[in-house]
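Encoded as structure tokens, the structure appears first; notes follow it.
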Amino acid sequence: MARVMPDDSKPLRRTAILDAAEAQFAQHGYDGVNLRAIAREAGVDVALANYHFGKKRDLFDAVLMRRAEVLNAWRLKALEDALSEARPNPASVEAIVRAYLRPLLTGSHVSEPGWKHYYALIAYVNNSPEWGGKLMTQFFDPLINQFIDALRLSLGDVDEKALFWSYHCFSGALTLTFAETGRIDQLSKGLCRSDDLDGAYEHVVRFITAGFESIRPCR
């Protein structure tokens with residue numbers, strides 16, 4: 001007779017499948033992974049992965065959504081705090097950039113393997129012609145539009161093209177930081193480490209703030 005698993009094992013098995021999928025997708029990309037490999041890493045039968053998530057694309061979306069919801073909540077709270085502290089004036093560009101970056105690059109979570117896999121996956125998705133426009137829009141654009149609105153208010157009568165190209169550069173710099181490629185380690189001969197996200201924080205803040213400030217209309 002087959003052994004019946006207790007009900008409280010279901011969340012654990014779902015989490016194990018999500019963790020394994022996250023690691024596999026981060027390392028091999030979407031096309032380099034199949035459900036059988038994910039199930040094997042999770043220590044479950046492939047039928048269970050199908051039962052919980054359905055097709056591979058549905059599992060991919062579930063992996064992206066799981067931590068996106070957490071990140072979006074953290075960044076929304078940080079943005080709301082920055083806007084509240086500045087009222088009745090607009091928040092400064094630096095305060096907005098810090099609200100965007102602090103939850104991403106600082107804190108104990110950034111050294112956890114799961115978050116490292118997730119950030120590598122976001123770097124992959126954001127730089128993919130196949131996935132970037134579609135999935136980043138789906139999971140992140142509603143919040144990002146709030147940050148862009150805050151930057152627009154802070155900068156005044158800013159040129160819209162310049163604003164969006166500046167954000168594009170911001171997004172690219174951030175996802176390259178997420179990727180932890182080791183490139184900066186080589187260039188700096190070990191002075192900088194690509195896995196030191198907390199250490200990168202102040203440097204990225206200053207660089208991105210200066211970029212947005214450079215498009216502020218002359219008064």
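If you're wondering where the values come from, they're calculated on a predicted model, not measured in any experiment.
- With sequence neighbours excluded, no residue forms a salt bridge (Lys or Arg N to Asp or Glu O under 4.0 Å) with Asp198.
- Qualifying side-chain hydrogen bond (donor to acceptor under 3.5 Å, both in side chains) partners for Glu112, counting only residues two or more places apart in sequence or in other chains: none.
- Annotation: side chain of Leu197 is in contact with side chain of Thr177 (closest heavy-atom distance under 4.5 Å).
- Residues satisfying the side-chain hydrogen bond (donor to acceptor under 3.5 Å, both in side chains) test with Gln27, not counting sequence neighbours, are none.
- In this structure, the side-chain hydrogen bond (donor to acceptor under 3.5 Å, both in side chains) partners of Asp149, at least two apart in sequence or on a different chain, are Arg152.
- In this structure, Ser214 contributes its side chain and Gly211 its backbone to a donor-acceptor pair below 3.5 Å.
- Within the 3.5 Å criterion, the main-chain N or O of Arg57 finds a donor-acceptor partner in the side chain of Tyr30.
- For the residue pair Asp157 and Pro217, the shortest heavy atom distance occurs at O-CG, 3.1 Å.
- For the atom pair CG of Asn72 and CG of Leu79, the computed distance is 11.5 Å after rounding to the nearest 0.5 Å.
- By the neighbour-count criterion of 12 heavy atoms within 6.0 Å, atom CG of Asn145 is densely surrounded, having more than that number from other residues, nucleotides or ligands.
- Atoms OG and NZ, from Ser166 and Lys161 in turn, are 13.0 Å apart once rounded to the nearest 0.5 Å.
- Applying the salt bridge (Lys or Arg N to Asp or Glu O under 4.0 Å) rule to Asp195 yields the partners Arg193; only residues at least two apart in sequence or on another chain are considered.
- At distances below 3.5 Å, not a single donor-acceptor pair connects side-chain atoms of Ser171 with backbone N or O atoms of His168.
- Residue pairs that meet the side chain to side chain donor-acceptor pair (under 3.5 Å) test with at least one member in residues 32-50, sequence neighbours left out, are Gln24-Glu41.
- For Lys116, the salt bridge (Lys or Arg N to Asp or Glu O under 4.0 Å) partners two or more places apart in sequence, or in a different chain, are Glu180.
- Interatomic distance, CG of Asp61 versus CD of Gln138, reported as 5.5 Å (0.5 Å rounding).
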Side chains of residues 87-95: which donor-acceptor partners sit under 3.5 Å, not counting sequence neighbours?
residue: Ser92; atom: OG; partner: Ala95; partner atom: N; Å: 3.0
residue: Glu94; atom: OE2; partner: Arg98; partner atom: NE; Å: 2.9
residue: Glu94; atom: OE2; partner: Arg98; partner atom: NH2; Å: 3.0

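- Partners of His28 by side-chain hydrogen bond (donor to acceptor under 3.5 Å, both in side chains), not counting sequence neighbours: none found.
- Looking at Asp19 and Arg66, a side-chain N of the basic residue comes within less than 4.0 Å of a carboxylate O on the acidic one, giving a salt bridge.
- In this structure Ala162 satisfies the side-chain contact (heavy atoms from CB on, under 4.5 Å) test together with Asp159, Ile215, sequence neighbours excluded.
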What do the steps show when you test Ile144 against Tyr167 for side-chain contact (heavy atoms from CB on, under 4.5 Å), and what is the final call? CA-CA 10 Å; Ile144 288 169; Tyr167 178 77; 3.1 Å; yes
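- In this structure, the side chains of Leu104 and Tyr201 stay at 4.5 Å or more apart for every pair of heavy atoms.
- No side-chain heavy atom of Phe178 sits under 4.5 Å from any side-chain heavy atom of Asn126.
- With hydrophobic clusters built from ILVMFWY side chains whose heavy atoms lie under 4.5 angstrom apart, Leu155 does not share a cluster with Trp165.
- For the pair Phe53 and Asp58, the tightest heavy-atom approach, listed with the atom from each and the gap, is O-CB, 3.1 Å.
- Crowding of Phe164 atom CZ: a count of heavy atoms from other residues, nucleotides or ligands under 6.0 Å exceeding 12.
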Under the side-chain contact (heavy atoms from CB on, under 4.5 Å) criterion, do Phe140 and Arg75 qualify, and how do the steps go? CA-CA 11 Å; Phe140 295 107; Arg75 288 191 292 175; 3.4 Å; yes
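- When all heavy atoms of Ala82 and Ala99 are compared, the closest pair comes out as CB-CB, 4.4 Å.
- Shown here for Ala123 and Thr175, the closest heavy-atom pair between the two residues is CB-O, 3.3 Å.
- Take Glu80 and apply the salt bridge (Lys or Arg N to Asp or Glu O under 4.0 Å) test, not counting sequence neighbours, and it matches no residue.
- Taking each heavy atom of Ala150 and Leu83 in turn, the nearest pair found is CB-CD2, 4.1 Å.
- Between Ile184 and Leu191, the closest side-chain pair of non-hydrogen atoms is not below 4.5 Å.
- For Gln186, the CD atom sits in a loose shell: 12 or fewer heavy atoms of surrounding residues, nucleotides or ligands are nearer than 6.0 Å.
- Within the 4.5 Å cutoff, the side chain of His117 has no heavy atoms near those of the Phe25 side chain.
- Hydrophobic clustering, with ILVMFWY side chains joined whenever heavy atoms are under 4.5 angstrom apart, keeps Val158 apart from Leu153.
- Note: Leu64 CG to Leu121 CG = 5.0 Å, rounded to the nearest 0.5 Å.
- Between Ala42 and Ala16, the shortest heavy-atom contact is CB-O, 3.5 Å.
- How far CD1 of Ile96 is from CG of Leu151: 4.5 Å, rounded to the nearest 0.5 Å.
- The side-chain heavy atoms of Leu59 and Leu18, taken from C-beta on, include a pair separated by under 4.5 Å.
- Within the structure, every pair that satisfies the ring-ring contact (aromatic ring centres under 6.0 Å, His included) test and touches residues 68-108, not counting sequence neighbours, is listed here: Trp74-His109, Trp74-Trp115, Tyr100-Phe147, Tyr100-Phe170.
- One hydrophobic cluster, built from ILVMFWY side chains closer than 4.5 Å, cannot hold both Leu176 and Tyr124; they sit in different ones.
- Between Tyr119 and Arg67 the shortest side-chain heavy-atom distance does not fall below 4.5 Å.
- For the pair Leu174/Ile122, no side-chain contact is recorded, criterion being any heavy-atom separation below 4.5 Å from C-beta on.
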